[in-house]
Every structure is written in C-alpha cells, then in structure tokens.
Amino acid sequence: MVFPNEYEIEWNDNNTYNSEVDRADSALYYVDLQIGRLLTDLEENGKAENTVIIFSTDHGHDWYSKHYIKGHGKSIYDEELKVPLIFYIPDLKAQKIEERVSHIDVLPTVLTLMQIDYNETEFIGKPMSENRRFFFYTQSHKYLIGMMNGDNKTIIDLNRNLVEVYDLSISPEERGNLVYKKQNDEDILELLMWHHCQLNYFSVDKPDLGLAQYCENFG
C-alpha cells in the first residue's frame with residue numbers, strides 16, 4: 001500500500017487500532033480523493049454526461065484471518081472474492097444490484113448496454129444476467145477452483161483433493177462444510193468438468209469458438 005505520508009491516519013475503527021488495516025484505510029482515503037478530483041474535472045469541463053465510469057478492484061483481502069489464512073491470493077473465500085463494482089452510465093437510473101456477478105462479464109455488459117456490436121468469441125464473459133453460475137480460482141500455487149450456483153458455493157483443492165461446499169444463505173461466513181450431503185454431488189461434478197474444459201481448450205488446437213462458447217455448458 002503506497003500513498004503520500006501526509007494521508008496516513010490512525011482511524012481507530014471500532015475502538016481498536018490495527019496498523020495494517022489503518023494503512024489500507026488511508027490508502028483507500030487517498031484513492032477516494034483522486035477519484036473525486038477526476039469526477040470534478042469531468043463536471044467542470046462538461047464531460048460528465050458523455051463519460052462511462054467503471055470502478056472496481058482486482059481482489060479482496062482477509063485482514064483478520066477468518067479462515068486462518070491472512071492476505072490474498074491464497075484462498076477463494078468471500079473475503080478475497082467480494083469487491084466493489086460501480087458503474088456510472090449517463091441516462092441510466094441509479095440502482096443497487098444484489099445478485100452476484102463476475103469481473104469477466106463487465107466489458108460485454110457495458111458494450112451491450114451501450115448497444116455496441118462485438119464479436120462474442122473475443123470474450124470469455126457474457127452480459128451479466130440473474131442466476132448465472134460462475135467460476136473462480138486462486139492466482140497462487142494453492143491451486144483452488146470454485147463455483148457459485150445460486151447460494152451454493154463449491155471449492156475444490158486440487159493439490160490435496162479436498163472439497164468444501166457451503167450454502168451462503170445459511171452460512172455467509174462459510175462455516176460448516178456440507179460436502180457429505182448427497183445433493184451437492186452435481187455441483188462438484190460440474191465444477192470438475194468446467195476445469196477439465198478449460199485445460200482442454202488451452203492444450204489443443206483452438207477451434208473457431210472462443211472459450212465461452214467452447215465451454216458453453218459450464219458457464
């Protein structure tokens with residue numbers, strides 16, 4: 001976390017002090033100020049109503065080791081997966097979307113909203129829609145893959161051959177592994193088949209289809 005020293009603040013959140021969390025809060029404060037400067041400049045130069053703004057971040061971070069893993073890039077629990085995603089598109093009414101979505105769907109969604117034609121085979125993602133399954137994996141040697149299907153979340157550790165299954169409507173903190181309940185077998189199999197499709201796509205001569213179309217049945 002890098003930012004000018006004059007923006008470092010001891011935030012004392014919830015009457016506690018954590019230097020690492022405070023530095024992250026100070027970095028966010030600095031970024032927020034810079035975004036404010038950009039928005040002000042767009043307004044002052046009459047460009048705000050002719051500009052699409054998308055704000056997000058690449059990953060979350062488990063600051064408090066909720067699953068005994070601190071940091072990011074080491075797990076696919078929600079602490080690392082859930083991030084801000086804000087669209088500003090002129091002439092569209094502001095609304096809050098509760099459904100889970102994926103970063104790979106951002107660009108196809110924006111192009112569709114703006115009625116810009118594009119070649120679907122050039123994108124892995126699709127325009128965002130309700131109740132879509134989506135998949136994820138770690139960026140590190142941990143080699144974890146996962147899938148969200150409604151409120152059901154499946155995680156497979158391919159190094160250790162371990163499986164975790166959670167119903168986030170019951171346990172949003174991802175506690176109480178449901179892997180031994182038979183009704184989860186279909187999601188586990190689907191995740192493994194999706195993973196196999198990804199490996200196969202990148203290990204053979206590419207068909208004319210893009211990855212999203214090649215693995216159509218799994219996304």
Side-chain angles (χ1 to χ4, degrees), residues 1 18 20-21 23-24 27 56-85 99-108 123-126 128 131-207 209-219:
M1 295 166 287
N18 182 313
E20 188 178 20
V21 174
R23 281 190 58 80
S56 188
T57 186
D58 52 349
H59 55 73
H61 192 97
D62 190 348
W63 296 103
Y64 300 104
S65 303
K66 292 183 178 180
H67 291 89
Y68 310 105
I69 301 171
K70 190 172 183 180
H72 61 260
K74 303 173 184 177
S75 83
I76 42 180
Y77 296 117
D78 274 8
E79 287 81 20
E80 295 195 48
L81 294 184
K82 295 175 71 173
V83 298
L85 179 58
E99 288 78 12
R100 301 178 184 94
V101 296
S102 173
H103 269 146
I104 63 171
D105 296 333
V106 168
L107 188 52
F123 296 96
I124 297 176
K126 302 177 182 178
M128 294 174 186
N131 302 318
R132 183 185 169 194
R133 302 182 309 285
F134 56 89
F135 304 86
F136 35 87
Y137 52 89
T138 54
Q139 65 184 23
S140 71
H141 65 283
K142 296 296 184 180
Y143 208 5
L144 305 170
I145 60 173
M147 179 181 77
M148 285 298 311
N149 184 10
D151 286 322
N152 296 324
K153 182 174 182 178
T154 304
I155 298 172
I156 300 178
D157 184 329
L158 294 169
N159 282 337
R160 298 185 296 165
N161 295 321
L162 297 177
V163 180
E164 298 173 62
V165 177
Y166 302 101
D167 182 344
L168 298 187
S169 67
I170 298 173
S171 179
E173 68 280 6
E174 296 169 278
R175 305 288 186 187
N177 191 353
L178 304 175
V179 66
Y180 297 109
K181 294 185 177 295
K182 293 295 184 182
Q183 62 264 35
N184 299 308
D185 290 351
E186 186 174 322
D187 280 358
I188 296 169
L189 179 60
E190 184 172 357
L191 175 55
L192 289 170
M193 292 177 68
W194 168 82
H195 178 64
H196 175 75
C197 182
Q198 305 287 305
L199 294 178
N200 186 63
Y201 181 84
F202 289 108
S203 63
V204 300
D205 291 337
K206 304 299 185 298
L209 296 175
L211 178 58
Q213 290 71 37
Y214 188 78
C215 297
E216 180 70 31
N217 293 330
F218 308 108

Are the side chain of [X] and the backbone N or O of [Y] linked by a donor-acceptor pair below 3.5 Å?
X	Y	result
Asp151	Leu168	no
Glu174	Asp78	yes
Asp157	Glu164	no
Asp167	Asn152	no

Given side chains that start at C-beta, do those of [X] and [Y] come closer than 4.5 Å, heavy atoms only?
X	Y	result
Asp187	Val165	no
Val179	Leu162	no
Asp62	Tyr77	no

[X] and [Y]: which non-hydrogen atoms are nearest, and at how many Å?
X	Y	result
Thr138	Gly73	CB-O, 4.2 Å
Met147	Phe136	N-CZ, 3.5 Å
Ser75	Leu144	CA-CD1, 3.8 Å
Pro84	Thr57	CD-CG2, 3.5 Å

Quick one: do Asp58 and Val83 satisfy side chain to side chain contact (heavy atoms under 4.5 Å, CB included)? Show the steps, please. CA-CA 8 Å; Asp58 52 349; Val83 298; over 6 Å; no
Straight-line distance of [X] [atom1] to [Y] [atom2], nearest 0.5 Å:
X	Y	atom1	atom2	value
Leu191	Glu186	CG	CD	12.5 Å
Trp63	His72	CH2	NE2	8.5 Å
Tyr137	Trp194	OH	CH2	7.0 Å
Arg132	Ser102	CZ	OG	7.0 Å
Arg133	Arg100	CZ	CZ	14.5 Å
Ile145	Ile156	CD1	CD1	4.5 Å

Show your reasoning for whether side chain to side chain contact (heavy atoms under 4.5 Å, CB included) applies to Phe134 and Met128. CA-CA 11 Å; Phe134 56 89; Met128 294 174 186; over 6 Å; no
Flag if over 12 foreign heavy atoms under 6.0 Å of CZ, Arg175: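 For Arg175, atom CZ is crowded (more than 12 foreign heavy atoms under 6.0 Å).
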Anything under 30° is parallel, anything over 60° is perpendicular, the rest tilted; go ahead and classify His195 against Tyr143.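 Judged by the thresholds at 30° and 60°, the geometry between His195 and Tyr143 is perpendicular.
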Does Glu80 form a side chain to side chain contact (heavy atoms under 4.5 Å, CB included) with His59? I'd like the steps, not just the answer. CA-CA 6 Å; Glu80 295 195 48; His59 55 73; 5.7 Å; no
Can His103 and Ser56 be counted as having a side-chain donor-acceptor contact under 3.5 angstrom? yes
In sequence, state the C-alpha distance, the side-chain angles, and the governing distance for Asn149 and Thr154, and then conclude on side chain to side chain contact (heavy atoms under 4.5 Å, CB included). CA-CA 8 Å; Asn149 184 10; Thr154 304; over 6 Å; no
